[in-house]
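Here's the structure we're looking at; comments come further down.
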Amino acid sequence: PEGGFNILALKKLFSCLYESIFTVYGQKMLDLYENASQQLLNSTSTSASISEPNLAPEVVGLRSMQNAILQILCSALSGLNNNSLSTAPSQVQNQAQRLKSLCLEQFRKSSTMTMKEGVLNSVCYLDCQEKTNIVNEFYKLASGDLLLLMKWFKAQAQTAKSVANIKLLAEHREFNIKNPNLVYALFRTFFLTNASGFHDQDGLSYKFAAETILKVDKINPQVASRLA
């Protein structure tokens, strides 16, 4: 409507922006990631102990940069997927596959949970087998650990394509609506940080948010107030 907020137009704009980022800068950023990998490998080979992560500032900085690169590129690739990756130039398709492979490699080879969490937060933007594998493998690591379960729910909530994904997660056996931390990790993350998934044209997310807040209010009014 005139003077209103056109969600579909905004989503299309961001999708095109993300596509441009991946096609123009994807190769350079992937090269930067692998250069950091080589530097990390060299630092490990010269470290006094390879059984524990190297916490030297420059090494921590390289790991942070790798996580940032994966998150930027996965987010950008999600926009390209929306515009059909299958019709993109072969070079771009190869970059996409390279990115997915690096995500899986970092997750499985990293000895630090920070690096594994970084991959989880990144790959959840995508719809691919690598994402499924990583989400399932992180869940196995998180089983019985509340902090890791919170991270598992949060990563999926902040990248969910629609409220339907959140409803499925809310039915997961590990989710407990009586636990404030899990409520914040799933619902609050979706409501407040996932603009693309939450602000849908049909308004179903708004309806779900209202129903959820009323439901939580009967259990814990203070938690409900923080969702509103």
Side-chain angles (χ1 to χ4, degrees), residues 1 3-11 13-14 18 55 60 63-64 67-68 70-72 74-75 78 107 110 112-127 131-132 134-228:
F5 189 57
N6 193 324
I7 296 298
L8 290 181
L10 187 62
K11 287 184 177 181
L13 174 63
F14 275 103
Y18 293 153
L55 298 180
V60 173
R63 293 195 192 108
S64 296
N67 280 341
L70 290 185
Q71 186 149 13
I72 291 171
C74 284
S75 177
S78 70
F107 184 84
S110 294
T112 66
M113 188 55 68
T114 299
M115 295 296 279
K116 292 182 184 295
E117 182 187 350
V119 176
L120 178 69
N121 289 332
S122 302
V123 79
C124 278
Y125 282 101
L126 307 178
D127 291 316
K131 170 191 174 178
T132 300
I134 290 168
V135 168
N136 290 340
E137 290 176 29
F138 193 95
Y139 173 70
K140 290 179 181 178
L141 292 173
S143 184
D145 188 315
L146 178 59
L147 180 59
L148 292 183
L149 283 172
M150 287 166 54
K151 295 178 184 296
W152 186 76
F153 279 111
K154 185 174 182 178
Q156 295 176 84
Q158 65 190 5
T159 56
K161 298 295 189 296
S162 71
V163 69
N165 302 115
I166 303 302
K167 290 180 178 180
L168 285 175
L169 287 168
E171 295 174 359
H172 194 278
R173 64 180 183 179
E174 294 284 3
F175 183 76
N176 183 355
I177 198 171
K178 295 181 180 180
N179 186 311
N181 290 323
L182 292 177
V183 168
Y184 295 145
L186 181 58
F187 298 138
R188 196 164 188 262
T189 297
F190 181 65
F191 298 162
L192 300 184
T193 69
N194 188 344
S196 178
F198 180 67
H199 297 291
D200 49 11
Q201 190 179 34
D202 55 22
L204 291 178
S205 292
Y206 304 150
K207 180 181 179 182
F208 176 75
E211 293 172 347
T212 299
I213 292 170
L214 290 174
K215 186 176 181 179
V216 173
D217 185 57
K218 296 177 180 179
I219 301 170
N220 190 323
Q222 185 177 5
V223 172
S225 68
R226 291 178 179 175
L227 293 179

Task: Counterpart residues, side-chain hydrogen bond (donor to acceptor under 3.5 Å, both in side chains), relative to Asn179 (two or more places apart) - done: none

Open item on the list: Tell me if a side-chain donor or acceptor on Lys215 pairs with a main-chain N or O of Ala210 at a distance below 3.5 Å.
Closed with: no

Open item on the list: Measuring only between side-chain heavy atoms, which start at C-beta, is Thr114 closer than 4.5 Å to Asn67?
Closed with: yes

- [ ] Please confirm whether the backbone N or O of Gln71 pairs with a side-chain atom of Ser75, one donor and one acceptor, at under 3.5 Å?
- [x] no

TODO: Can you measure from OH (Tyr125) to OG (Ser78) and round to the nearest 0.5 angstrom?
DONE: 7.5 Å

Task: Qualifying residues under side-chain hydrogen bond (donor to acceptor under 3.5 Å, both in side chains), relative to Asn194, sequence neighbours excluded - done: none

Open item on the list: What's the separation between atom CD in Gln158 and atom OG in Ser196, rounded to the nearest 0.5 Å?
Closed with: 13.0 Å

- [ ] Report the relative orientation of the aromatic rings in Phe107 and Phe138; use parallel for angles under 30°, tilted for 30 to 60°, perpendicular for over 60°.
- [x] tilted

Open item on the list: Filter on ring-ring contact (aromatic ring centres under 6.0 Å, His included), then keep only pairs touching residues 207-228, sequence neighbours left out; what's left?
Closed with: Phe187-Phe208

Open item on the list: Is there a side-chain contact between Phe190 and Leu169 in this structure, where contact means two heavy atoms from C-beta onward sitting under 4.5 Å apart?
Closed with: no

Open item on the list: Within the 4.5 Å heavy-atom criterion, are Arg188 and Val183 side-chain neighbours or not?
Closed with: no

Please output the side-chain donor-acceptor pairs of residues 142-156 that fall under 3.5 Å, not counting sequence neighbours, one pair per line with the distance.
{"from": "Asp145", "atom 1": "OD1", "to": "Leu147", "atom 2": "N", "distance (Å)": "3.1"}
{"from": "Asp145", "atom 1": "OD1", "to": "Leu148", "atom 2": "N", "distance (Å)": "3.2"}
{"from": "Lys151", "atom 1": "NZ", "to": "Glu117", "atom 2": "OE1", "distance (Å)": "3.3"}
{"from": "Lys151", "atom 1": "NZ", "to": "Glu117", "atom 2": "OE2", "distance (Å)": "3.4"}
{"from": "Trp152", "atom 1": "NE1", "to": "Val135", "atom 2": "O", "distance (Å)": "3.0"}
{"from": "Gln156", "atom 1": "NE2", "to": "Trp152", "atom 2": "O", "distance (Å)": "3.1"}

- [ ] Report the residues that fulfil side-chain hydrogen bond (donor to acceptor under 3.5 Å, both in side chains) with Ser110, sequence neighbours left out, ordered by chain and then residue number.
- [x] none

Taking distance alone, no hydrogens or angles, what donor-acceptor pairs closer than 3.5 Å link side-chain atoms of residues 221-228 to residues at least two apart or in another chain?
{"from": "Ser225", "atom 1": "OG", "to": "Gln222", "atom 2": "O", "distance (Å)": "2.6"}
{"from": "Arg226", "atom 1": "NH1", "to": "Tyr184", "atom 2": "OH", "distance (Å)": "3.4"}

TODO: Could you tell me the separation between the CG atom of Leu186 and the CG atom of Asn176, rounded to the nearest 0.5 Å?
DONE: 12.0 Å

Task: Rounded distance (nearest 0.5 Å) linking atom SG of Cys124 with atom NZ of Lys161 - done: 9.0 Å

Task: Lys116 NZ to Ile134 CD1 distance, which is reported to the nearest 0.5 Å - done: 9.5 Å

